Amino acid sequence: MQQSKRESDVRTTESDAGAESLDFIRQIVTDDVARGAKVATRFPPEPNGYLHIGHAKSIVLNFGIAEEFGGTCNLRFDDTNPTTEEVEYVDSIKEDVRWLGYDWGEREYFASDYFDKLHELAVQMIRDGKAYVCELSKEEAAEFKGDYYRPGRESPYRARSVEENLALFERMRRGELDEGAAVLRAKIDMQAPNMNLRDPPMVRVIKRPHHRTGDTWCIYPTYDWTHGQSDAFEGITHSLCTLEFEDHRPLYDWFLDQLALPARPRQIEFARLNVSYTVLSKRRLITLVREGHVDGWDDPRMPTLCGLRRRGYPPEAIRKFCERVGIAKSEGVVDVALLEHAVREHLNETAPRVMAVLDPLKVVITNYPEGEEEEFEAPYHPQDPSYGSRKVPFSRELYIERDDFREVAPRKWHRLSPGAEVRLRYACLIRCVDVIKGDDGEIKELHCTWDPESRGGKSPDGRRVRGTSHWVSANHAVPATVRLYDRLFNTPNPTAGGADLTASLNPDSLEVRQGMMEPSLRSAAPGSRWQFERLGYFTVDSANSRPDKPVFNRTVTLRDSWARIERRNS
RNA sequence: UGGGGCGUCGUCAAGUGGCAAGACACAGGGUUUUGGUCCCUGCAUCCUAGGUUCGAAUCCUAGCGCCCCAGCCA
C-alpha cells in the first residue's frame, strides 16, 4: 500500500504507437534545448491562500518540464503585497507541493528577497528618465488613464526632473508620504492601446509590516515590476503563467529591455484549469469557507490540495489527471469525471480490499450453530497476490447491506430476496427463508440458511449464483463513523451567468453514517486508503479519526452499473 | 469605438496542405467469488461563408461566437 515510485515520466500526451505529440510549451522548450539552452522554470504562488487543483496543473507543468529536460524548478513566493500575505500560507503551500511529490531542494525563493535589488533598479530607472513619482490620487489616476476606447492623458507629474523624482522616491521610502499619495510609475505611453503600458505603477506605499521583511519597507513593488526581474535574477528561462497575463507580456518584456540583466526569461501563457461541479477561484472558495458551507479549507469536499488529501485523493492521481488534461490555450471546463477516473485508476491498483457495511441489515443463519464461529481467508487484492490476505470471522449473526436485499426482486436483480440465493464474499452461499418485520412494517432481520459445502464462497455443485454481497460478523464488527462525500455542487458550472453559488450547492454533499467494519480495520492508520468492496474507496480521516472512534471518509464510489440500470428503468 | 487571446467528438486534446490520434463520458458485448477491475466493439469531416490548390482542420479573405484587460491585486 505503498507507492512512492513515480510512474515513468509522462512527457507526451497519450497517443498510439508511441507517436510523440508535445504540447505547445514543450515544443518551444524542445526547440530551445536543441539550440543549446538550459531549462529553468519556477512555480510562483502568492502566499495569500491555499493551493487548489488549479495550482496543481501549474506545479505539474513547471516541475514536470524541469524534470524532463534536465533543468530546475524554483519555488518562489510572490510576496509583494503585505496586505494579504501571511506565513501560514507559506507553510501550507510548501506542504502541499511536497505532498504532490515535488522537491525544490535549496531553490526556495521569495520575491521579498529582491526588494533591495528592485529598489536599486527603480532608482536606476528614475535616473534613466524611465520612471517618475506621480502624485495623482487614485481617482485622478484612473481618470488620466482613459479607457478601452479613449487614450489616456499624461500625468502633470510626468515631466519632473530626475532630481525631484529621486528626492520624492526617497521620501516615499522613508514613509513621509501617505498611502495613495504617491506612486512610482514607469514612463511608457499613455496612448498605448494596451492599457498595461499606460504608465503602470511600479512601486506603491503600503504602510504595513511584511511577513518576512518586517518594518524594513513601507513601499512595495507591484507584480509587474517584480515578476520578470525576479525571473531574470533566478535565471528562469521559461516563465509559465496563465492566459490572463498575456497582455502583460509586452510590459514584462519592456522592463527587461530597459535593464541590463544577466538573463532573459520568456513568458509563455497557457489556459488555467477549470473543473466541472466545483469552483476554483480564490474568492469563491473563501465564500464557501466563510459562509460555513464547508468545514474549512481542508474540508474533503473542497478542491484545495489539503481538502483532496483529506478526501483520500492520491497525489499520483492528481498528477496523472493534470497530465491528461494537457496544456493548451483554449479555456474550457474539464469534466470532474476525468479526475475521478484518475483517482479510481490509481486506487484500484493500490488500495487493499476490505469489507464494511454502511447501512446494516441483520442476517441470522438459522442452520449455523449458536455460539460457534470460524474464519475465512480473504485476499487483500484480487489481481495482486503480493498484497496478501487476512482472516475474516464468520458467525451465526451477520450484517449485510440493507440495499442488497429486496422483498420483491426487480428485473435483473442478482442480489438477495425471499427464496433467493447469494454468495457472501469469500464465505459461503446463503438462501433467504424468512423476512422478519417490526410493527411498523420495517424489515428487522433476515433468516437465512447456509450451505456448509460452499465454504469459501464456491458453488459446490456448479449451480449458478450471480449475486455476491459483502458482510460483516455482528459480534466481531467494529463500529465506525463513515462520511459519504459527494460533489459540492449539482450543476456542471456553478458560476455560469454569474449565478449565486449557494443556489447550486448540493444539499447531499455530505451524509454521515454509522457503519460496521470487519475487525482487521481496527488498526487502519490515519490517511491509509482502502476499498470497501462493492462500495468505494475510503480513507481514515487524518483529523478526526481516533483508534477507539474511527472515522472514514469516502474518497469516491466504485462505478455502479446496477445503479445505472435502475436509473435508466425509472 | 480599443488591445490581447481562443474556436477540432458530450468534455479535455492531437493534428503545422495529403485520406480527423488518444483519454474521459456514453452505448453494446465478453470474462468475473466486487453489478468493481480487465477485454472487445461502436461513437466527429474540424464556428460560418467564400477563395487558393490535384488535394485544406491546416493557406487567404470576410464574417460569427466566446474569454481576458480600465487594482497603487496577483
Side-chain angles (χ1 to χ4, degrees), chain A residues 12-17 19 21-23 27 44-46 48 78 80-81 83-84 134 136-138 141-142 145-152 179-185 192-198 200-206 220 222-224 226-227 241-250 269 271 276 282 324-342 344-345 348-349 353 355 378 382-383 412-415 423-427 429 454 456-459 465-470 492 531-536 557-565:
Chain A
T12 63
T13 59
E14 309 192 355
S15 59
D16 63 326
S21 101
L22 303 174
D23 59 66
Q27 281 180 27
E46 182 188 11
N48 72 344
D78 219 334
T80 58
N81 188 344
T83 318
T84 55
C134 178
L136 250 22
S137 70
K138 281 190 191 188
K145 188 164 185 174
D147 58 32
Y148 296 153
Y149 315 113
R150 270 185 298 275
E179 285 185 27
V183 62
L184 183 72
R185 286 182 186 286
N194 180 341
M195 303 280 287
N196 292 120
L197 298 177
R198 322 244 261 229
M202 295 166 60
V203 181
R204 72 301 206 185
V205 177
I206 300 177
Y220 295 91
T222 60
Y223 165 83
D224 285 311
T226 306
H227 207 89
C241 65
T242 43
L243 253 29
E244 68 268 29
F245 291 101
E246 205 148 21
D247 51 14
H248 287 243
R249 187 169 5 110
E269 312 83 11
S276 63
K282 203 167 282 178
R324 289 212 176 119
V325 161
I327 298 297
K329 294 190 74 165
S330 63
E331 290 217 60
V333 182
V334 176
D335 193 337
V336 71
L338 186 60
L339 211 208
E340 294 173 342
H341 175 263
R344 290 194 185 100
E345 182 178 52
N348 175 51
E349 284 174 17
R353 273 62 167 171
M355 291 193 287
Q383 274 85 38
K412 294 197 171 179
W413 180 259
H414 297 163
R415 283 120 93 154
R423 171 174 19 253
L424 294 184
R425 176 140 245 231
Y426 298 131
L429 302 181
S454 66
K458 283 180 273 293
S459 175
V465 177
R466 302 192 70 179
T468 297
S469 281
H470 53 103
Q531 183 195 103
F532 288 179
E533 293 222 29
R534 304 211 305 130
L535 297 173
T557 61
L558 251 29
R559 281 183 67 206
D560 188 346
S561 46
W562 167 249
R564 209 171 307 179
I565 291 170

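Every value quoted in this text rests on a predicted model; they were computed, and no experiment measured them.
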**Request:** Go along nucleotides 31-40 of chain B 5' to 3' and tag each nucleotide: B for a protein heavy atom under 4.0 Å from its base, S when only backbone or sugar atoms are that close, - otherwise.
**Result:** --BBBBB---
**Prompt:** Which base sits across from B:G71 as a Watson-Crick or G-U pair, both distances under 3.5 Å?
**Reply:** none
**Prompt:** Counting distance only, does the side-chain N/O of A:Q27 pair as donor-acceptor with the main-chain N or O of A:L22 below 3.5 Å?
**Reply:** yes
**Message:** What's the gap between B:G30 and B:A57 when it is taken at their C1' atoms, as a whole Å value?
**Reply:** 37 Å
**Item:** Length of the line joining A:R564:CZ and B:A25:C1', which is rounded to integer Å
**Value:** 9 Å
**Asked** Rounded to the nearest Å, what distance is computed from the CD atom of residue A:E246 to the P atom of nucleotide B:C6?
**Response** 6 Å
**Asked** What integer number of Å spans the C1' atoms of B:A25 and B:G10?
**Response** 7 Å
**Complete:** If pairing means Watson-Crick or G-U wobble with both distances under 3.5 Å, then the partner of B:U45 is none
**Item:** Anti versus syn assignment for B:G5, with syn defined as within 90° of 0
**Value:** anti
**Request:** Can you tell me the distance, in whole Å, between the NZ atom of A:K329 and the P atom of B:G4?
**Result:** 12 Å
**Request:** Taking side chain to side chain contact (heavy atoms under 4.5 Å, CB included) as the test, write out the residues that go with A:L197, two or more places apart.
**Result:** A:I188, A:A192, A:N194, A:P250, A:L251
**Item:** Under 3.5 Å donor-acceptor, A:S276 side chain and A:V336 backbone
**Value:** yes
**Message:** I'd like to check the salt bridge (charged side-chain N to carboxylate O under 4.0 Å, His left out) partners of A:E533; sequence neighbours left out, ordered by chain and number.
**Reply:** A:R425
**Asked** Looking only at atom C1', what distance separates B:C26 and B:C54, rounded to whole Å?
**Response** 40 Å
**Message:** Across nucleotides 68-74 of chain B, 5' to 3', mark each nucleotide with B, S or - according to how protein heavy atoms within less than 4.0 Å reach it.
**Reply:** SBB-BSB
**Asked** Hey, are A:T222 and A:D224 close enough side-chain-wise for a donor-acceptor pair under 3.5 Å?
**Response** no
**Residues forming a salt bridge (charged side-chain N to carboxylate O under 4.0 Å, His left out) with A:R150, sequence neighbours excluded** = A:D147
**Asked** Looking for any heavy atom pair under 4.0 Å, which part of the strands does A:V333 touch: base, sugar-phosphate only, or nothing?
**Response** sugar-phosphate
**Prompt:** Using the P atom in both, what is the distance from B:G15 to B:U8, to the nearest Å?
**Reply:** 15 Å
**Request:** Provide, to the nearest angstrom, the distance between the CG atom belonging to A:L338 and the P atom belonging to B:C26.
**Result:** 12 Å
**Item:** Partner residues of A:E244 under the salt bridge (charged side-chain N to carboxylate O under 4.0 Å, His left out) criterion, sequence neighbours left out
**Value:** A:R272
**Asked** Taking any strand in view, what nucleotide pairs with B:G17 in a Watson-Crick or G-U wobble way, both distances under 3.5 Å?
**Response** none
**Request:** Determine the interatomic distance between C1' on B:G71 and the same-named atom on B:G63; round to the nearest Å.
**Result:** 36 Å
**Span that lies between the P atom of B:G22 and that of B:G42, in whole angstrom** = 11 Å
**Prompt:** With distance as the sole test, does A:R353 use its side chain to make a donor-acceptor pair with the main-chain N or O of A:A378 at under 3.5 Å?
**Reply:** no
**Prompt:** Taking the same atom, P, in B:C12 and in B:C47, what whole-Å distance lies between them?
**Reply:** 14 Å
**Message:** Going by purine N1 to pyrimidine N3 plus the second Watson-Crick contact, or the G-U wobble pair, all under 3.5 Å, which nucleotide sits opposite B:C66?
**Reply:** B:G5
**Item:** A:R204 side chain near A:N81 side chain, heavy-atom distance below 4.5 Å
**Value:** yes
**Request:** May I ask you to decide if A:G457's main-chain N or O and A:R423's side chain share a donor-acceptor pair within less than 3.5 Å?
**Result:** yes
**Complete:** When rounded to whole Å, the CG to C1' distance for the pair A:L197 and B:G2 reads 13 Å
**Request:** In whole angstrom, give me the gap between the P atoms of B:U37 and B:C43.
**Result:** 23 Å
